[in-house]
Asker: 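Structure incoming, see below.
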Amino acid sequence: MIMSRIEAPRDEVTGNLVDRLLSDLPAEAVLADPDVTVSYANDMASFCPAGTPAVVVLPRTVEQVQHVMRVATELRVPVVPQGARTGLSGAANASDGCIVLSLTKMDRILEINPVDRIAVVEPGVVNATLSRAVNELGLYYPPDPSSWEMCTIGGNIGTASGGLCCVKYGVTAEYVLGLDVVLADGRLMSTGRRTAKGVAGYDMTRLFVGSEGSLGIVVQATLALRPKPPEQLVLAAEFASGAAACEAVCRIMEGGHVPSLLELMDRTTVKAVNDLAHMGLPETTEALLLAAFDTTDPAADLAAVGALCEAAGASQVVPADDAAESELLLQARRLSLTALEAVKGTTMIDDVCVPRSRLGELLEGTERIAGKHRLTIGVVAHAGDGNTHPTVCFDAADPDESRRARESFDEIMALGLELGGTITGEHGVGVLKKEWLAREIGPVGVEMQRAVKGVFDPLGILNPGKLF
């Protein structure tokens, strides 16, 4: 039904679609110039095909989103919802002849309630904007993806984003209490609650978190907040091997410590960050472990963790003296993916999550895969929760190197599954990992997920071609 519309002459189809959209949308909300719409075709993932959108719509109200979905249902036109397009799986990539529904203009913080400890926001609110706004009231919104200065709350919800603080505070899904969602046919549905507790019926809110826009369009979110924690202090520990650093991670977690952050950077990543930003990180190390605590006595916690690092073989342990020094170390970690991209110009960023006890095996296996394919692969990891980002650096203009990059990427995902892990801890499936999702959840799992999709989107117009 979708293709029958797209196969008609493009100008005729697009003209009719634009006219129908403009019947209840302001002119500035509808972009049909191909030179403009092409810039909305894809997110930041490599090796993910993207189609040509027929039109881009930038709504500002829930009613405008409902109108778009009614038109899309009437004309059988696919709709691809987008946020800031910082995703790394192709989940926001356009399909041919689609409506790209960019929600970045719906960017209001509607409410911050310190008593109930909630925030109510529109999907286009930038993560860092919300974080700073609640901080001013002594509150804290923990999810902090590395792209937090750009990524939107709607995108975070769509991909179930994580971040640096997950080891203590958890991922986006744990902070979404309720949603307002526009369904494929334009109806508005509310899920969840504003209360601290609630178990009425199926947990429809969790169903939408991580669904990558394939079940409905999130137009409002009620988010849980926490009290703002004390300023954290960071410790850096150098190791002569990745295995020793992973042993330290195991000892820290086994010892009952609850760091606010526990991150790992391998030798390749450290060198890339130094080359990019001249930060003076120790390039003699094989692995650099960063641990942070935001407790009432972070210095004591860092001392205890530092001792565990030394017992695991750390060659040097350096606790930060103050918040400024801590922030410098965290800035180095946040620059990791940008720095690795500068190595060859293009990267494929894997997102394999394994049990913490198998983290060392994943690092060793990734190093073998890099050698086998003659590639530079840097590993940066949310080590405290076993979520790794092996990042394949390659020259996209070199067909052979591009082929080897894709093969190595797949081998790392296979390794992750062999170690009892998952193909994605926080980036989502999108286009990039469709085949691997089927391998992970099996044929019965795929059948059930497709059945759920059919209930919410019987015409198959919501973000088609993603997930499965």
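Quick caveat: nothing in here was measured; it's all calculated off a predicted structure.
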Asker: For Glu231, is the CD atom crowded, meaning more than 12 foreign heavy atoms sit under 6.0 Å from it?
Answerer: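 No, the 6.0 Å shell around CD holds no more than 12 heavy atoms from other groups.
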Asker: Step by step, would you call Tyr169 with Tyr140 a ring-ring contact (aromatic ring centres under 6.0 Å, His included)?
Answerer: CA-CA 11 Å; Tyr169 293 104; Tyr140 179 43; 5.2 Å; yes
Asker: Taking the side chain as C-beta and beyond, is there a heavy-atom pair between Val270 and Arg267 under 4.5 Å?
Answerer: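 Heavy-atom side-chain distance check fails, nothing below 4.5 Å.
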Asker: Any Lys/Arg nitrogen of Glu401 or Lys344 sitting under 4.0 Å from an Asp/Glu carboxylate oxygen of the other?
Answerer: yes
Asker: Would the Phe47 and Phe394 ring centres measure less than 6.0 Å apart?
Answerer: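 They qualify: ring centres under 6.0 Å apart.
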Asker: Please collect all side chain to side chain donor-acceptor pair (under 3.5 Å) contacts where either partner lies in residues 118-134, sequence neighbours excluded, each pair once.
Answerer: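 Of all non-adjacent pairs touching residues 118-134, those that pass side chain to side chain donor-acceptor pair (under 3.5 Å) are Arg108-Glu122, Asn127-Ser131, Asn127-Asn156, Arg132-Glu149.
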Asker: Has the side chain of Thr205 got a donor or acceptor atom that lies under 3.5 Å from a matching backbone atom of Gly192?
Answerer: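 Here the side-chain-to-backbone pair exists.
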Asker: Without hydrogens or angle criteria, can the side chains of Ser326 and Gln232 be said to hold a donor-acceptor pair below 3.5 Å?
Answerer: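 Per modelled atom types, Ser326 and Gln232 side chains form no pair under 3.5 Å.
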Asker: Where the side chain of Thr191 meets the backbone of Leu179, is there a donor-acceptor pair that is under 3.5 Å apart?
Answerer: yes
Asker: Would you please name every residue forming a side-chain hydrogen bond (donor to acceptor under 3.5 Å, both in side chains) with Arg334, sequence neighbours left out?
Answerer: Glu327
Asker: Nearest 0.5 Å, what's the CG-CG distance between Leu233 and Leu261?
Answerer: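 Taking CG in Leu233 and CG in Leu261, the distance rounds to 12.0 Å.
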Asker: Could you walk me through whether Lys433 and Glu440 pass the salt bridge (Lys or Arg N to Asp or Glu O under 4.0 Å) check?
Answerer: CA-CA 10 Å; Lys433 299 186 176 184; Glu440 179 171 332; over 6 Å; no
Asker: Got a second to check how far Leu137's CG is from Leu225's CG, nearest 0.5 Å?
Answerer: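 It is 9.5 Å, given to the nearest 0.5 Å.
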Asker: For Tyr141, give me all partners under ring pair (Phe, Tyr, Trp, His ring centres under 6.0 Å), at least two apart in sequence or on another chain.
Answerer: none
Asker: Enumerate the residue pairs fulfilling salt bridge (charged side-chain N to carboxylate O under 4.0 Å, His left out) with a member in residues 162-182, sequence neighbours excluded, ordered by first and then second residue.
Answerer: Lys168-Asp294
Asker: Could you state the interatomic distance from CD1 (Ile412) to CD1 (Ile369), rounded to the nearest 0.5 Å?
Answerer: 5.0 Å
Asker: Would the distance check show the side chain of Arg356 and the main-chain N or O of Ala383 forming a donor-acceptor pair, the cut-off being under 3.5 Å?
Answerer: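 No: the side chain of Arg356 does not pair with the backbone of Ala383.
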Asker: Side-chain contact, heavy-atom cut-off 4.5 Å: Val431 with Pro49?
Answerer: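 The answer is yes, as the side chains (C-beta and beyond) meet within the 4.5 Å cut-off.
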Asker: State, with a plain yes or no, whether a side-chain heavy atom of Phe208 is found less than 4.5 Å away from one of Val176.
Answerer: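 Heavy-atom side-chain distance check fails, nothing below 4.5 Å.
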Asker: Is Glu367 close to Asp266 at the side-chain level, that is, under 4.5 Å between some pair of heavy atoms?
Answerer: no
Asker: Identify, with sequence neighbours excluded, every residue that meets ring pair (Phe, Tyr, Trp, His ring centres under 6.0 Å) alongside Phe239.
Answerer: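 Partners of Phe239 under the ring pair (Phe, Tyr, Trp, His ring centres under 6.0 Å) test: none.
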Asker: Look at the side chain of Glu426 and the backbone N and O of Gly163, then say whether any donor-acceptor pair between them is shorter than 3.5 Å.
Answerer: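 Side chain of Glu426 to backbone of Gly163: a pair is present.
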Asker: Could you measure the distance from the CD atom of Glu283 to the CG atom of Asn274? Nearest 0.5 Å is fine.
Answerer: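 The CG atom of Asn274 is 4.5 Å from CD of Glu283, to the nearest 0.5 Å.
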Asker: For a side-chain contact (heavy atoms from CB on, under 4.5 Å) check, start with the C-alpha distance between Val305 and Leu262, then their side-chain angles and the critical distance, and finish with the verdict.
Answerer: CA-CA 11 Å; Val305 164; Leu262 191 56; 5.6 Å; no
Asker: So do the side chains of Asp116 and Arg194 get within less than 4.5 Å of each other, counting heavy atoms only?
Answerer: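 When only atoms from C-beta onward are counted, Arg194 and Asp116 do touch, with a gap below 4.5 Å.
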Asker: Using residues 98-105 as the side-chain source, report each donor-acceptor pair under 3.5 Å to any protein atom, sequence neighbours left out, with the distance given to one decimal.
Answerer:
{"unit_1": "Ser102", "atom_1": "OG", "unit_2": "Thr104", "atom_2": "OG1", "d": "3.3"}

Asker: Just so I know, are the side chains of Gln64 and Met106 near enough to count as touching, which here means a heavy-atom distance under 4.5 Å?
Answerer: no
Asker: Please test Ser214 against Asn463 for side chain to side chain donor-acceptor pair (under 3.5 Å), starting from the C-alpha separation and ending with a verdict.
Answerer: CA-CA 5 Å; Ser214 64; Asn463 214 6; over 6 Å; no
Asker: Starting at OG1 of Thr376, measure out to CG of Leu340 and round the result to the nearest 0.5 Å.
Answerer: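 So the OG1 of Thr376 and the CG of Leu340 are separated by 9.5 Å.
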Asker: Can you spot which of Leu188, Val181, Thr61 makes a side chain to side chain contact (heavy atoms under 4.5 Å, CB included) with Val219?
Answerer: Leu188
Asker: Leu462 and Leu215: side-chain contact (heavy atoms from CB on, under 4.5 Å), yes or no, with the steps?
Answerer: CA-CA 7 Å; Leu462 278 171; Leu215 302 178; 5.6 Å; no
Asker: Is the closest side-chain heavy-atom distance between Glu238 and Thr284 below 4.5 Å?
Answerer: yes
Asker: Looking at every non-hydrogen atom in both residues, tell me the closest pair between Leu415 and Gly365 and how far apart they are.
Answerer: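 In terms of heavy atoms, the two residues are closest at CD2-CA, 3.7 Å.
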Asker: Can you check whether Ile423 reaches Leu437 side chain to side chain, under 4.5 Å on heavy atoms?
Answerer: yes
Asker: Rounded to the nearest 0.5 Å, what's the gap from CE on Met265 to CG on Leu329? Could you check?
Answerer: 9.5 Å
Asker: Would Glu212 and Lys466 pass as an ion pair if we require N to O under 4.0 Å?
Answerer: no
